[in-house]
Engineer: 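After the structure tokens below, expect a handful of questions from me.
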Amino acid sequence: MPSPEFRLYDSLSRTVKPITTTEPGHLRLYSCGPTVYSYAHIGNFRTFITTDLVIRTAQAIGWRVTSVGNITDVGHLTEDNVADASGDDKMAKALQSKEGESFANVWDLARYYANAFESDWANLNLLPLSVRPRATEHMREQIVAVQALIEQGHAYETPTGVYFSVESFADYGKLSGNRDREELQVAVRDIVQDDNKKNPADFALWKKDDKHLMQWFSPWGWGFPGWHIECSVMAQKYLGDTIDLHGGGEDLRFPHHECEIAQAEAKTGKPFCDHWFHVTFLQVEGEKMSKSKGNFFTARDIFAQGFSPLALRMALISVPYNKPHNFTIQTLKDSQAHTERFQESLSRIAAHGLEPDTFPTDSPNNPYQTIYEEALAAMLNDLNTSVAVAKALEGNKQILRDPLTAESAAHAAWFLRKMNELLGIVYNTQATADTHLEEEAEPIIAGHPISELIIQRAEAKNQRTSPLPIGSANRSPVPDSNSVTPPKEPLGAK
RNA sequence: GGCGACGUACCCAAGUGGUUAAGGGGAGGGACUGCAAAUCCUUUAUGCAUCGGUUCGAAUCCGAUCGUCGCCUCCA
């Protein structure tokens, strides 16, 4: 039986098109992960949940999925296009911040936040990825790739580092539309000019810097890799030269993904990836969420206000991934109520001796079959989560209306299992004792609207008061003892 | 300058040419209850930013206009 089409908007061709797999029924996808210099925020998770939904939807139509999502645990420069070596390093900066005081060094800091990230990941019911590579553990591969690019004439060494030559790769700009020379100049408008670069748009593959907090020895001396090289190298290592699908936040489209394409295709001469998805940035209470504004929330901030992780998950997917989504306290409250109604169904079903672990995987003549199929069809149509969630609620409403018998309870259990496999909003199958929330939840919701907290926080920020009203409560300044290991001497570290 | 998204009821939001414009929230009415909460039932857009066009037929396609927003810079 041919598998149904899984249609997804492709940023490269700018059309909605079916996902094709190199190997029939086997999807290989790469999703760009976070730089772990702080706790991941809800906008990060909109992106990661989108990848999770791609995986779940693919599995729902019987595909095998090999998923790779990196953790960037190298600081890089805050301004990656800046050619001089004076830019600040994200992780070094974090280490110098108030919260960073408790860490002995950047290695500890990265390890702590990477662990926190994986814990949030599980709490939000995200499926484990097949491979979760870290940049620091793939230094050799990155160095080898840079060497290859130099040998092929796509890269050159300068006194400050190694740069990729944009002119050597004709397709540079095909993803972002920054194709001609002049447009490119504007796209990278704020760069600091470095006379060592042949072209202002050339980007760093390796930075020479023997003062950097994280450094490795290379054929070009002590230094660290450019930001873009890790992803294309790790994607190709685990998924092959050509991968089926690649995604990330919309900010990564340019320059990050554009540079990944250039590096990967220049090196192998083969297409790197034919299908790209980008997740639109979240807004919060009608405003752009950004670090500089201080109105962003970590997942933990939301949990600390008494909202369940599944409620956050549901709120984040209530609007499709590629549409503007204004995240509000109202949506979060609604989602919390819906989550509780799923709980109600689960406990009624439990009265018939059925627990999620024992929910049937098969259920002939199930009256909920149609609703499930409608939800699946919505997901296959460019991840229409609004409709899929509506279907989950519709089915749940019917369950709550039904004075359950043993038979109808089994039908309901099947439905909830299938919806949960597809959307992950009914019950958590990923959280374990290791991923407990660090603090007991605060009383609740109504008295703590996020909108108020945003204002308080912004005011506090303006007045430079400390501690911040949000986030401080659940941010243990002292890392868990088991999450900190002595700084591991990495391969080639000085 | 480049790339892109959006404008549907009080609010969020689905809708990819064809019978009565999903779903959720809110609000009104009702059932249940000693009262309330919860729950259940029910009502709530002759209308889809504006104007023009294509069509037997358009919220859906095309054009123009107005408006809002995002990314390209730290950021997913």
Engineer: Any N or O donor-acceptor pair linking the side chain of A/Ser386 to the base of B/rA14 at under 3.5 Å?
Structural biologist: no

Engineer: If the P atom of B/rG17 is compared with that of B/rC3, how far apart are they to the nearest Å?
Structural biologist: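 The answer is 27 Å between these two P atoms.
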
Engineer: Please measure how far the C1' atom in B/rU20 lies from the corresponding atom in B/rA27, and state the result in whole Å.
Structural biologist: 24 Å

Engineer: Examine A/His228 together with A/His257 and report whether their ring centres are nearer than 6.0 Å.
Structural biologist: no

Engineer: Let's see if you can work this out: which of B/rC3, B/rC71, B/rG25 has an atom nearest to the side-chain heavy atoms of A/Lys288?
Structural biologist: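 Within the option list, the nearest is B/rC71.
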
Engineer: Between A/Tyr238 and A/His138 (judged by ring centroids, cut-off 6.0 Å), do the two rings come close enough to count as a pair?
Structural biologist: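 Between A/Tyr238 and A/His138, the centre distance is under 6.0 Å.
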
Engineer: Going by purine N1 to pyrimidine N3 plus the second Watson-Crick contact, or the G-U wobble pair, all under 3.5 Å, which nucleotide sits opposite B/rG15?
Structural biologist: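 Pairing partner, where one exists within any strand: B/rU8.
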
Engineer: Please report the distance separating the C1' of B/rG67 from the corresponding atom of B/rA31, rounded so that it comes out in whole Å.
Structural biologist: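 Looking at atom C1' only, B/rG67 and B/rA31 are 46 Å apart.
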
Engineer: Going by purine N1 to pyrimidine N3 plus the second Watson-Crick contact, or the G-U wobble pair, all under 3.5 Å, which nucleotide sits opposite B/rC74?
Structural biologist: none

Engineer: What does B/rC51 pair with, Watson-Crick or G-U, if both distances are under 3.5 Å?
Structural biologist: B/rG63

Engineer: Report the residue (A/Gly286 or A/His325) whose heavy-atom-nearest nucleotide on RNA chain B is the more 5′ of the two.
Structural biologist: A/His325

Engineer: Separation of A/Arg7 atom CZ from B/rU16 atom P, in whole Å?
Structural biologist: 13 Å

Engineer: On a whole-Å scale, what distance lies between the P atoms belonging to B/rU19 and B/rC6?
Structural biologist: 23 Å

Engineer: Which part of the nucleic acid does A/His338 contact within heavy-atom distance under 4.0 Å: base, sugar-phosphate only, or nothing?
Structural biologist: sugar-phosphate

Engineer: A/Arg401 has a side chain; which of B/rC41, B/rU73, B/rC69 sits nearest to it?
Structural biologist: B/rC41

Engineer: Once you round it to whole Å, what is the distance between P of B/rC12 and CD of A/Gln336?
Structural biologist: 22 Å

Engineer: Nearest to the side chain of A/Arg341 - B/rC41, B/rU39, B/rC3?
Structural biologist: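 Of all the options, the side chain of A/Arg341 is nearest to B/rU39.
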
Engineer: Can you identify which nucleotide, out of B/rA76, B/rA5, B/rG24, has its nearest atom closest to the A/Pro324 side chain?
Structural biologist: B/rA5

Engineer: Rounded off to whole Å, could you give me the CD-to-C1' distance for the A/Glu250 and B/rC71 pair?
Structural biologist: 4 Å

Engineer: Using the P atoms only, state how far B/rG24 lies from B/rU43, rounded to an integer number of Å.
Structural biologist: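 These two P atoms come out 13 Å apart once rounded.
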
Engineer: Using whole Å, what does the distance between atom P of nucleotide B/rA22 and atom CG of A/Leu393 come to?
Structural biologist: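 To the nearest whole Å, that distance equals 16 Å.
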
Engineer: Evaluate A/Lys391 against A/Glu394 for salt bridge (Lys or Arg N to Asp or Glu O under 4.0 Å), listing each step before the verdict.
Structural biologist: CA-CA 5 Å; A/Lys391 292 298 166 186; A/Glu394 186 183 331; 3.3 Å; yes

Engineer: Remember a base hit wins even if backbone is also touched, and classify A/Gly43 as base, sugar-phosphate or nothing at under 4.0 Å, heavy atoms.
Structural biologist: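 Here A/Gly43 touches the bases of the nucleic acid.
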
Engineer: Only pairs with both distances under 3.5 Å count, Watson-Crick or wobble alike; so what is the partner of B/rA27 in this structure?
Structural biologist: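 The answer is B/rU43, by the H-bond criterion.
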
Engineer: If you take the centroid of each ring, where Trp contributes its six-membered ring, are A/His246 and A/Tyr30 closer together than 6.0 Å?
Structural biologist: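 Ring centroids of A/Tyr30 and A/His246 are less than 6.0 Å from each other.
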
Engineer: Could you tell me the separation between the CD atom of A/Gln283 and the C1' atom of B/rC69, rounded to a whole number of Å?
Structural biologist: 6 Å

Engineer: Centroid separation under 6.0 Å, is that true for the rings of A/His41 and A/Phe297?
Structural biologist: no

Engineer: Walk me through it: do A/Asp334 and A/Gln330 pass the test side-chain hydrogen bond (donor to acceptor under 3.5 Å, both in side chains)?
Structural biologist: CA-CA 6 Å; A/Asp334 293 348; A/Gln330 188 58 52; 3.0 Å; yes

Engineer: Take atom C1' in B/rA22 and the same atom in B/rA13, then report the distance between them in whole Å.
Structural biologist: 9 Å

Engineer: Select one nucleotide: of B/rG4, B/rU73, B/rG70, the one nearest the side-chain heavy atoms of A/Pro255.
Structural biologist: B/rU73

Engineer: Which class fits the ring pair A/Phe45 and A/Phe117: parallel under 30°, tilted 30 to 60°, perpendicular over 60°?
Structural biologist: parallel

Engineer: Strictly below 4.0 Å: does A/Arg14 bring a side-chain N or O up to OP1 or OP2 of B/rC3?
Structural biologist: no

Engineer: Between A/Tyr113 and A/Tyr39, does the ring centre distance come in under 6.0 Å?
Structural biologist: yes

Engineer: Map A/Lys397 and A/Gly249 onto RNA chain B by nearest heavy atom, then report which one ends up closer to the 5' terminus.
Structural biologist: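 The residue closer to the strand's 5' end, by nearest nucleotide, is A/Lys397.
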
Engineer: Report which part of the nucleic acid A/Val319 touches: base, sugar-phosphate, or nothing (heavy-atom distance under 4.0 Å, all strands).
Structural biologist: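 Since only primed, P, OP1 and OP2 atoms lie under 4.0 Å of A/Val319, the category is sugar-phosphate.
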
Engineer: Checking all strands, does A/Glu394 fall into the base, sugar-phosphate, or nothing category for heavy-atom contacts under 4.0 angstrom?
Structural biologist: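 The answer is nothing, as A/Glu394 stays clear of every strand by at least 4.0 Å.
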
Engineer: A/His257 has an atom NE2; how far is it from atom C1' of B/rA76, in whole Å?
Structural biologist: 10 Å

Engineer: Rounded to whole angstrom, note down the C1' distance from B/rG4 over to B/rC51.
Structural biologist: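 One C1' to the other, the span is 25 Å.
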
Engineer: Watson-Crick or G-U wobble partner for B/rA38, using a 3.5 Å limit on both distances?
Structural biologist: none

Engineer: So, does A/Asn384 get its side chain near the phosphate of B/rA22, meaning an N or O under 4.0 Å from OP1 or OP2?
Structural biologist: no

Engineer: Please determine, for the side chain of A/Lys323, which listed nucleotide (B/rC3, B/rA14, B/rU73) has the closest atom?
Structural biologist: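 That would be B/rA14.
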
Engineer: Could you tell me how far apart A/Leu316 (CG) and B/rA76 (P) are, to the nearest whole angstrom?
Structural biologist: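 Nearest whole value for this atom pair: 15 Å.
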
Engineer: Of the listed nucleotides (B/rC3, B/rG24, B/rA76), which one gets closest to any side-chain atom of A/Arg253?
Structural biologist: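 For A/Arg253, the side-chain atoms sit closest to B/rC3.
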
Engineer: Please give the distance between the C1' atoms of B/rA58 and B/rG63 as a whole number of Å.
Structural biologist: 15 Å

Engineer: Describe the nucleic acid contact of A/Asn44 in one word from base, sugar-phosphate, nothing, applying a heavy-atom distance below 4.0 Å.
Structural biologist: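 The residue A/Asn44 makes base contact.
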
Engineer: Report yes if a donor N or O on one partner sits less than 3.5 Å from an acceptor N or O on the other, where the partners are the side chain of A/Asp251 and the base of B/rU73; otherwise report no.
Structural biologist: no

Engineer: State whether the aromatic ring of A/Phe281 stacks on the base of B/rA76, taking stacking to mean ring centres under 5.5 Å apart and ring planes under 30° to each other.
Structural biologist: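 Stack criterion met.
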
Engineer: Write down the distance between CG (A/Asn381) and C1' (B/rU16), rounded to a whole number of angstrom.
Structural biologist: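 After rounding, the reported distance stands at 8 Å.
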
